[in-house]
Amino acid sequence: MGTLLLVHAHPDDEAISTGGVMMKAKAHGHRVVLVTATRGEAGEIYNMDEASSRPRLGVIRTEELKTAGEILGVDRIEFLGYRDSGMVDTAGNKDPRSFHQAPLEEAAGKLAAVIRDERPDVVVTYAEDGVYGHPDHIKAHYVTNAALDLLEREGWAPKKLYYTAIPRSMMQEFMKQMPVEAQQQQNSNMRIEGTPDKLVTTRVDVHDYLGEKRKAFAAHVSQNDPNSWFTTMASQIYELAFGTEYYQLVRGKAGSALPEDDLFAGIS
C-alpha cells in the first residue's frame with residue numbers, strides 16, 4: 001500500500017482540484033493524507049448568517065472539511081495552523097497569523113514533520129502561480145518544496161512530486177463556453193492562465209468518481225454560492241470540466257510513457 005499526501009491551502013481546495021485522484025487512490029488501496037495550511041477564515045460566506053458565523057468560520061470550515069474528507073476517503077487530516085491570508089492586497093495579507101506571513105522555514109518544518117511521519121510515495125501541491133494567484137496557494141508551493149528539500153538533506157525523498165495543472169489550451173476553450181460571470185472572474189484577481197500544455201505530464205480519468213467529487217465540494221456548505229455558475233453547472237459540462245484531473249510531474253521519474261494515467265504509475 002502506498003501513500004498519497006496532498007498539501008492544500010484552504011478547505012474545499014482538495015475537492016475541486018484533486019478529489020478524483022484522492023478517491024482513486026483510496027479505491028486502489030492507498031493511504032490518503034490531507035494537509036491543509038489554513039481553516040479558510042477569510043473566505044466569503046454563503047447559506048448561513050454572516051454576523052454569527054464569521055467569528056467561528058474556521059470551526060465551521062474545519063467540520064465541513066472533515067465531512068468532505070470522509071467522502072473522499074481521507075485517512076488523516078492535518079492543519080498547519082495558520083490563518084487564511086485572503087486575496088492579494090487585503091488586510092488578511094498583513095495579519096501576522098496568516099500563512100502568507102509565516103516564516104518559510106517555520107512552515108516548512110511543520111509540514112516536514114507530517115511528511116516525515118507518513119513517508120508518502122506521492123506528494124501533490126500547486127505550481128508557483130498557485131493556480132489563480134492566491135497568496136496561500138503560492139505559499140503552499142514554496143513551503144512544500146522547502147519541506148521536501150529539508151527531508152532530502154536528511155536522506156529521504158518521495159518517489160514523486162506533482163503540481164496540479166489545468167492545460168492552458170483546455171482552459172481557453174472551456175472559458176469560451178462558460179457564462180459571463182465566469183468570464184468576468186477571468187478578468188479579476190482570480191484569473192487562471194492554465195499550465196502550458198507541454199508541462200502537463202499526467203492525465204487521470206476520474207469519471208467513476210465524479211458524483212462523489214461533486215458531493216465532497218457540496219459538503220463545504222459555507223463556501224457554495226447557490227447561484228454561482230459553478231454550483232449550477234449542468235452535469236454534462238461538469239463531466240467535461242472535471243472528469244479528468246491533470247498534473248505536472250516535477251520531482252521523480254514518470255512511471256510510464258507520457259502522459260501517465262495515474263499518480264502511482266511505476267510505483268510498486
Side-chain angles (χ1 to χ4, degrees), residues 1-8 11-36 64-77 118 120-126 131 158-167 169-171 173-174 177-178 192 194-195 197 200-221 223-224 228-249 252 254-268:
M1 179 179 71
T3 297
L4 169 65
L5 186 144
L6 308 101
V7 183
H8 280 291
D12 92 336
D13 292 330
E14 80 295 331
I16 297 172
S17 60
T18 59
V21 296
M22 293 167 77
M23 285 183 281
K24 182 176 181 179
K26 186 66 175 180
H28 286 77
H30 300 298
R31 179 172 171 81
V32 179
V33 178
L34 173 61
V35 180
T36 306
E64 292 174 346
L65 181 61
K66 290 179 181 178
T67 300
E70 290 176 1
I71 296 170
L72 297 173
V74 177
D75 294 287
R76 176 183 178 184
I77 294 176
E118 289 289 345
D121 300 273
V122 178
V123 175
V124 174
T125 193
Y126 316 105
V131 183
K159 293 182 175 68
K160 295 180 178 182
L161 168 66
Y162 288 97
Y163 297 154
T164 61
I166 304 174
S169 61
M170 188 188 82
M171 188 68 204
E173 288 302 313
F174 182 63
Q177 303 175 47
M178 283 294 94
I192 301 175
T195 305
D197 289 39
V200 178
T201 61
T202 311
R203 304 180 180 195
V204 185
D205 183 346
V206 298
H207 283 82
D208 290 346
Y209 310 100
L210 269 183
E212 294 302 293
K213 180 177 177 176
R214 200 165 194 178
K215 287 179 184 177
F217 179 73
H220 294 280
V221 178
Q223 303 196 71
N224 277 275
S228 75
W229 65 271
F230 187 86
T231 304
T232 59
M233 187 184 299
S235 296
Q236 303 95 304
I237 299 178
Y238 188 87
E239 181 175 344
L240 181 65
F242 298 102
T244 302
E245 291 179 357
Y246 300 87
Y247 297 87
Q248 176 187 354
L249 177 65
S256 68
L258 299 183
E260 298 175 301
D261 62 4
D262 191 274
L263 300 186
F264 285 88
I267 298 177
S268 55

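Position 1 is the first residue of the sequence, and the numbers go up from there.
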Worksheet item: Side chains of E245 and Y209: donor-acceptor distance under 3.5 Å anywhere?
Response: no
Worksheet, complete the sentence: For P11 and T36 the tightest heavy-atom approach is N-CG2, 3.8 Å
Discussion item. Quick check: do Y162 and V123 have side-chain heavy atoms less than 4.5 Å from each other?
Written reply: no
Practice prompt. Check each of V122, V124, L263 against V21 using the side chain to side chain contact (heavy atoms under 4.5 Å, CB included) test, and report the only one that passes.
Written response: L263
Fill in: Where P167 and D197 come nearest, the two heavy atoms and their spacing
C-OD1, 3.8 Å
Discussion item. To the nearest 0.5 Å, what is the distance between CD1 on I166 and OH on Y246?
Written reply: 10.0 Å
Worksheet item: Looking only at heavy atoms, which two atoms of T18 and H8 are closest? And how far apart?
Response: OG1-NE2, 2.9 Å
Worksheet item: Okay, side chain of D75, backbone of V32: is any donor-acceptor separation there less than 3.5 Å?
Response: yes
Worksheet, complete the sentence: Value for CD1 (I71) from NZ (K66), rounded to nearest 0.5 Å, stands at 15.0 Å
Worksheet item: Taking atom CG of L249 and atom NZ of K159, what is their separation to the nearest 0.5 Å?
Response: 13.5 Å
Item to complete: Hey, could you give me the CG/CD distance between D13 and Q223, rounded to the nearest 0.5 Å?
Response: 8.0 Å
Fill in: Polar side-chain atom of E14 near backbone of G69 as donor-acceptor pair, under 3.5 Å
no
Worksheet entry | Spatial distance of atom CG (D262) from atom CD1 (I267) [nearest 0.5 Å] | 8.5 Å
Discussion item. Minimum heavy-atom separation for Y126 and T164, please, with both atom names.
Written reply: CD2-OG1, 3.9 Å
Practice prompt. Report the C-alpha separation of E212 and K26 in whole Å, then their side-chain angles, then the decisive distance to 0.1 Å, and conclude whether the salt bridge (Lys or Arg N to Asp or Glu O under 4.0 Å) test is met.
Written response: CA-CA 13 Å; E212 294 302 293; K26 186 66 175 180; over 6 Å; no
Worksheet entry | G255 versus K160, closest heavy-atom pair with distance | N-NZ, 3.8 Å
Practice prompt. Could you tell me which non-hydrogen atom of R31 sits nearest to which non-hydrogen atom of E118, and how far apart they are?
Written response: NE-OE1, 2.8 Å
Worksheet item: Do D261 side-chain atoms and D205 backbone N/O form a donor-acceptor pair below 3.5 Å?
Response: no
Worksheet item: With F264, which residues qualify under ring pair (Phe, Tyr, Trp, His ring centres under 6.0 Å), at least two apart?
Response: H30
Worksheet item: What distance do K213 atom NZ and L72 atom CG have between them, rounded to the nearest 0.5 Å?
Response: 9.5 Å
Item to complete: Check whether any side-chain heavy atom of H207 lies under 4.5 Å from a side-chain heavy atom of T244, and answer yes or no.
Response: yes
